[in-house]
Structures are given as structure tokens and as C-alpha cells.
**Q** 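Before I ask anything, let me first share the structure, which is written out below as C-alpha cells.
In this chain, residues are counted from 1 in sequence order.
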Amino acid sequence: PYKQARGFNGYSPETVEYSGAPTLDLAKKIAAGMLLKVTLAAGSADGVEGLQQSVGAIAAALRSPECRVQTFDFGGNGGLTEALLPAMVTVKRTDLRGCSGLTTLPEGLGQCTKLTSLNLWGCSGLTTLPEGLGQCTQLTTLDLRGCMGLATLPDLSALHPTLQVDASSASAAVAAWVARGCTAAP
């Protein structure tokens with residue numbers, strides 16, 4: 001499940017990309033600063049032995065000073081967001097595309113201050129976005145396509161000048177929010 005990247009002088013000896021199930025081995029590689037991109041395979045969290053232990057170890061690894069993960073794709077495994085999202089303090093791009101069973105995001109998302117892109121496309125069960133999202137001051141891309149259940153949205157007006165929101169095929173509440181400059185409903 002690991003891929004190498006071509007470096008400037010041939011192939012880099014470090015592993016840079018992972019695709020597969022959440023495991024303790026994945027946590028070790030994150031903590032060692034060996035990964036730039038993590039993609040959890042769709043449904044890979046289902047039936048994984050020791051899942052809670054692995055997820056806890058991955059969350060701790062994401063907080064380690066050596067962590068270099070820049071992109072984290074949940075691969076539709078929305079059930080892992082509560083434990084992992086607040087730990088992604090170094091991650092710039094988070095992809096929750098297709099996590100249709102997800103109804104809310106943790107308030108701790110605001111701790112992800114390096115987050116530049118949040119993809120929520122197809123999170124049709126999502127009903128609210130946390131106020132803490134406004135603390136993600138580097139956020140420039142927010143994909144809300146297909147978020148038909150979104151009704152409660154935070155005030156992101158401070159981010160609005162540089163924030164690009166894709167709200168096509170989203171709820172009427174999202175369209176109104178974007179039209180107001182991403183300010184909370186009166």
C-alpha cells in the first residue's frame with residue numbers, strides 16, 4: 001500500500017504515499033515523518049481488528065512534531081472523523097468526499113490551522129458545520145457539493161475574501177449563506 005516518489009536525484013528512499021486500512025504500521029510511518037499523503041481505502045475501517053487502537057495511534061502520530069502529512073483522504077470512512085480530524089494540525093488538504101453517513105464535524109476541526117482545502121462533496125447527511133471552522137484561517141477551498149442536509153453554517157466572513165466555496169447541488173441554506181458572504185443566518 002506504500003508508494004515511492006521520484007526525487008530530484010532518482011528515487012527518494014522515503015515512502016511518501018499510503019493507501020489502505022488504518023493500521024498501527026500506518027501510525028508508525030506517520031510519526032516517523034515518512035508520509036506526505038494518506039488515503040484510507042473505501043470501507044477499509046470496517047472489520048479492522050484493533051481499529052480503536054490503530055485510530056488512537058494514528059491520531060497521536062498526526063500530532064507528532066515529525067509528522068509531514070499534507071493530504072488526508074478518509075475514503076468514505078466518515079466514522080473516523082471524531083478521532084482523527086482534531087489531530088490533523090499539519091494537514092493542508094482533507095477529503096471527506098462521499099461520507100454520506102456523516103451528520104456533523106467535530107468542533108476540534110478549528111485546531112487544523114494549516115487547513116487550506118476541505119472537501120465535503122457528497123456528505124449528504126451533514127446538517128451542520130462547526131463554528132471552529134472559522135479558526136482555519138488558511139482555508140481557501142470548501143467543497144459543499146451535494147450537501148443537501150446542511151442547515152446550520154458558521155460565520156466564515158473573515159475568510160470570505162479568499163475562500164472559494166463550491167455549493168452547486170447543495171441545500172438552499174448553503175446557497176443563501178454563500179450569497180450573504182458566508183455569514184451566519186440572522
**Q** Does some side-chain heavy atom of L36 sit less than 4.5 Å from a side-chain heavy atom of V69?
**A**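 Heavy-atom side-chain distance check fails, nothing below 4.5 Å.
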**Q** For L153 and L129, work out which heavy atoms get closest and say how close.
**A**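 Minimum heavy-atom separation between L153 and L129: CD2-CD1, 3.7 Å.
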**Q** Show which side-chain atoms of residues 131-139 pair as donor or acceptor with protein atoms under 3.5 Å away, not counting sequence neighbours.
**A**
none

**Q** Let me have the donor-acceptor pairs involving side chains of residues 170-186, under 3.5 Å, with sequence neighbours excluded, atom names and distances please.
**A**
from, atom 1, to, atom 2, distance (Å)
S171, OG, L150, O, 2.6
S171, OG, V174, N, 3.3
W177, NE1, P154, O, 2.8
W177, NE1, C182, O, 3.4
R180, NE, T183, O, 3.2
R180, NH2, T183, O, 3.0
T183, OG1, R180, O, 3.3

**Q** Of the non-hydrogen atoms in A59 and A83, which two are nearest, and what is the gap between them?
**A**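 Here A59 and A83 meet closest at CB-O, 3.7 Å.
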**Q** Measuring from atom CD of E17 to atom OG1 of T39, what distance do you get when rounded to the nearest 0.5 angstrom?
**A**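 Atom-to-atom, E17:CD and T39:OG1 are 5.5 Å apart.
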**Q** Minimum heavy-atom separation for A31 and A61, please, with both atom names.
**A**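 What the structure gives for the nearest pair is N-CB, 3.7 Å.
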**Q** Would a 4.5 Å heavy-atom cut-off, applied to side chains only, mark L35 and V16 as touching?
**A**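 Not touching, per the 4.5 Å side-chain cut-off.
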**Q** Heavy atoms, side chains only, cut-off 4.5 Å: are I30 and Y18 in contact?
**A**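 Of all side-chain heavy-atom pairs linking Y18 with I30, none is under 4.5 Å.
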**Q** Identify each donor-acceptor pair in which a side-chain atom of residues 112-125 lies under 3.5 Å from a protein atom, sequence neighbours left out, and give them as a table.
**A**
from, atom 1, to, atom 2, distance (Å)
T116, OG1, K92, O, 3.1
N119, OD1, W121, N, 2.9

**Q** Can you list every salt bridge (Lys or Arg N to Asp or Glu O under 4.0 Å) pair that touches residues 71-89, not counting sequence neighbours?
**A**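 Non-adjacent pairs meeting salt bridge (Lys or Arg N to Asp or Glu O under 4.0 Å): D73-R97.
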**Q** List the atom of L144, the atom of V165, and the distance in Å for their closest heavy-atom pair.
**A**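 Residues L144 and V165, closest heavy atoms: CD1-CG1, 3.9 Å.
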**Q** Enumerate the salt bridge (Lys or Arg N to Asp or Glu O under 4.0 Å) contacts for residues 151-169, please, sequence neighbours excluded, ordered by first and then second residue.
**A**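 Those involving residues 151-169 are R145-D166.
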**Q** Return the set of residues passing side-chain contact (heavy atoms from CB on, under 4.5 Å) with T71 (not counting sequence neighbours), or none when no residue passes.
**A**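 Testing T71 for side-chain contact (heavy atoms from CB on, under 4.5 Å), a comparison that skips the adjacent residues, returns K37, R93.
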**Q** Output, in order, the C-alpha distance, side-chain angles, deciding distance and verdict of side chain to side chain contact (heavy atoms under 4.5 Å, CB included) for L84 and I58.
**A** CA-CA 8 Å; L84 294 179; I58 292 168; 3.7 Å; yes
**Q** Roughly how far, to the nearest 0.5 Å, is CG of L80 from CG of L96?
**A**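 Nearest 0.5 Å value for the CG-CG distance: 10.0 Å.
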**Q** Work out which heavy atom in P130 is nearest to a heavy atom in P106; give both atom names and the distance.
**A**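 Residues P130 and P106, closest heavy atoms: CG-O, 3.7 Å.
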**Q** Checking T94 against M88 for the side chain to side chain contact (heavy atoms under 4.5 Å, CB included) test, could you report, in this order, the C-alpha distance in whole Å, the side-chain angles of both residues, the deciding distance, and whether it holds?
**A** CA-CA 9 Å; T94 299; M88 296 186 179; 4.0 Å; yes
**Q** With rounding to the nearest 0.5 Å, note down the distance linking CG in L40 to CZ in F72.
**A**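 Going from CG on L40 over to CZ on F72, the span is 4.5 Å.
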**Q** I need the L85 CG to Q111 CD distance, nearest 0.5 Å.
**A**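 One gets 10.5 Å once the value is rounded to the nearest 0.5 Å.
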**Q** Given side chains that start at C-beta, do those of L142 and L163 come closer than 4.5 Å, heavy atoms only?
**A**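 Yes. Closest side-chain heavy atoms under 4.5 Å.
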